[in-house]
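Counting starts at 1 for both ligands and their atoms, in listed order. Atom set for the values below is all heavy atoms of this structure, side chains included, hydrogens, waters and symmetry mates excluded. Worth saying up front: this structure is predicted, and the values here are computed from it rather than measured.
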Amino acid sequence: MYKIAVAGTGYVGLVAGVCFAEMGHQVTCVDIDQSKIEIMKSGISPIYEADLQDLMVKNYHAGRLDYTTDYQSAYKDADAIFIGVGTPEQPDGSANLSYIATVARQIAESVEKDCLVVVKSTVPVGTNDKVEQFIQDFLINDVRVEVASNPEFLAQGSAVHDTLHAERIIIGTESKWAEELLQDLYKPFNLPVVSVNRRSAEMIKYASNDFLALKISYMNDIANLCELVGADIQDVAKGMSFDERIGSKFLNAGIGFGGSCFPKDTKALDYLAKQNGYELKTVQAAIEVNKEQKTMLYKKASRRLITFNGLKVAVLGLTFKPGTDDLREAASLENVPLLLEQGADIYAFDPVGAENFARVHPEGQHGKGSITYVSTVQDALKEANVCFVFTEWGEVKEITPTMYKELMRTPLVYDGRNIYNVDEMREAQVEYHSIGRQSVERHSMKESVGLELQSARS
Ligand code: NAD
C-alpha cells in the first residue's frame with residue numbers, strides 16, 4: 001500500500017484517485033476548487049461517470065480516500081504524487097502548461113520525503129524533463145524527487161471501467177527506482193504495463209489520440225464522398241471492419257470529434273511538429289476535415305430551408321458524446337449559436353448536459369432566436385419544423401421513425417450520428433438527412449406515396 005496524492009479532481013485525477021483507493025492505496029485528492037471538495041466530501045461526484053460516485057462513497061467511508069484543498073499536507077509525505085490537472089489549448093494551438101507549473105511549484109515547496117511525481121496529464125514531449133528540473137529548482141527540503149510519465153487513456157463515459165480494465169498502462173521513467181515504484185503501485189490492477197522512457201511515453205499518448213482522430217476524420221471524409229457517389233458509409237465501414245488490420249472501432253462517420261482531448265491534442269502535436277521544423281500533414285488534414293464536419297448538417301439544412309427564423313428547431317443531444325455531461329468542443333456549441341443567430345426557436349433535450357449548456361446559453365430569448373430546455377425528446381419534437389441530432393443518447397435512439405412523423409409539424413430530420421435506418425425513415429415518410437448516406441428527400445417520398453396510391457388503384 002502506498003500513500004498517494006492526486007493533483008486535480010477532473011475526469012483523469014478523480015477517477016485515478018478513486019481507482020487507486022479501490023486497489024487499496026491511501027489516496028488524497030487535491031483540488032483548488034473548494035466547492036468541488038465540499039461536494040465530494042458529501043458523497044457526490046462533481047462529474048457524471050458510471051460507477052464513480054459509488055466507488056467514491058465506498059472508499060471514503062473505508063478511510064482510503066479523502067479530498068482537500070490543503071496541498072501541503074497532502075504532498076508532504078506522499079510516496080507518489082499524480083498530476084491530473086488540465087492542459088487546455090491556447091489560441092496558437094499549443095498546450096497551456098501553467099496549471100502543471102503551479103502544481104510543480106506547490107510540490108517543490110511541500111515535499112518532505114523522497115517521492116515520485118507522476119504526470120498523468122497530456123503534455124507535449126519534453127515537458128516531464130522540464131517539470132523535473134522545475135521542481136528541483138524550487139525544492140525547499142533536501143529530498144529526492146523524480147518525475148515519471150504515465151499518460152491516461154480513459155474515455156469519458158466509461159472512465160472507471162477503462163481505468164480498472166485498461167488495455168495497457170504506459171509508464172515512462174528515467175530510472176530503475178521510478179520504474180519499479182510505478183510497476184509496484186499498479187500491481188494490484190493486474191494489467192499489462194509497457195515501460196518506456198519519458199519522452200516515448202509522452203509521444204505514445206499524442207500518437208494514439210491523433211491516430212484515432214485521424215481515423216474519424218478519414219471516415220468523415222469518405223462519408224462525404226459516399227454521399228456524392230451514391231455509396232453508403234455504414235455499409236462501407238462494415239465491409240472495412242472485417243479487415244483485422246483496420247479493426248472495427250472508430251469507423252463511425254458523424255459530425256466530427258469533440259471532447260476535451262482530440263481537438264486540443266491534434267493541435268498540440270501539430271504545434272510541436274512545427275516548433276521542430278516539421279509539417280505533420282496527416283494530422284493537419286484531420287483537424288481541417290473535423291472543422292468542416294462540425295457544421296455539415298447546419299449547412300445542409302440552410303440550403304434546404306429558406307430561413308430558420310421563427311421555426312421550432314428540436315435539438316437532440318448537447319454533450320460531445322453520450323455517457324458524459326462534458327460539453328467541451330461539442331458539435332452543439334458550434335451549431336446552436338448559428339441557429340440562434342438565424343432566429344430559430346430551439347427546444348433542446350439532453351439527459352445530463354442541459355444544465356451545463358444553459359450556463360453558456362441560458363434559457364430564453366437570444367436576439368431573434370430563443371432556447372428552451374425540455375426534459376423529454378417528445379417535448380422537443382412536438383410541433384417542431386426541423387430536428388437536429390447531435391448526440392446519440394439512448395433516449396434519442398429509442399425514438400421511432402413513426403414518432404418523428406407523428407410528433408413533428410414537418411418531419412425533417414438531420415441526424416449527425418447516423419442512428420436511424422434510412423429505409424425505415426422513408427417508410428415512415430420522414431425527410432431524413434444523415435452523414436455519408438443517401439438522403440430521404442421530400443420529392444422521393446411523394447413519389448413513393450404516389451406509387452402506393454397508384455398500386456392501390458390498379
Ligand atoms: P479537468 O479540467 O476535468 O480537471 C482539472 C482539475 O484540476 C480541475 O478540477 C481544476 O480545478 C484542478 N486544478 C487546477 N489547478 C490545480 C492545482 N494547482 N492543484 C490541484 N488541482 C488543480 O481535466 P481532465 O479532463 O481530467 O484532464 C486532465 C488532463 O488529462 C489533461 O491534460 C487531459 O488532456 C488529460 N486527459 C483527459 C482525458 C479525458 O477524457 N478528460 C483523458 C485522457 C487524458
**Prompt:** Less than 3.5 Å between some nitrogen or oxygen of Asp33 and one of ligand 1, yes or no?
**Reply:** no
**Pick from Pro151, Gly86, Ala268, Ala5: the one approaching atom 5 (C) of ligand 1 most closely through a non-hydrogen atom** = Gly86
**Prompt:** Out of Val85, Asp265, Ile107, Val15, whose heavy atom is nearest to atom 29 (C) of ligand 1?
**Reply:** Val85
**Asked** When only distance counts, is Val12 in polar contact with ligand 1, meaning an N/O pair under 3.5 Å?
**Response** yes
**Item:** Numbered atoms of ligand 1 (with element) below 4.0 Å of Lys264, judged on heavy atoms
**Value:** 33 (C), 34 (O)
**Request:** Would you check whether Glu152 has a nitrogen or oxygen atom less than 3.5 angstrom from a nitrogen or oxygen atom of ligand 1?
**Result:** no
**Complete:** Within 4.0 Å of some non-hydrogen atom of Lys36, the atoms of ligand 1 are 8 (C), 9 (O)
**Request:** Report yes if some N/O of Asp31 lies less than 3.5 Å from some N/O of ligand 1; otherwise report no.
**Result:** yes
**Message:** Taking 4.0 angstrom as the limit and counting only heavy atoms of Cys261, give me the atoms of ligand 1 inside it, by number and element.
**Reply:** 36 (N), 37 (C), 38 (C), 39 (C), 40 (O), 42 (C)
**Prompt:** Is the Tyr432-Tyr404 ring centre distance short of 6.0 angstrom?
**Reply:** no
**Prompt:** With a 6.0 Å cut-off on ring centres, are Tyr298 and Phe308 close enough?
**Reply:** yes
**Prompt:** Quick one: do the Glu132 and Asn128 side chains pair a donor with an acceptor below 3.5 Å?
**Reply:** no
**Message:** Under 4.0 Å between a side-chain nitrogen and a carboxylate oxygen: does that hold for Lys176 and Glu179?
**Reply:** yes
**Asked** Is the shortest N/O to N/O distance between Arg328 and ligand 1 below 3.5 Å?
**Response** yes
**Message:** Using 30° and 60° as the class boundaries, would you call the ring planes of Phe390 and Phe388 parallel, tilted or perpendicular?
**Reply:** parallel
**Item:** N/O separation below 3.5 Å, Tyr75 to ligand 1
**Value:** no
**Request:** Run the salt-bridge test on Arg198 and Glu202 with the 4.0 Å N-O cut-off and return the result as yes or no.
**Result:** no
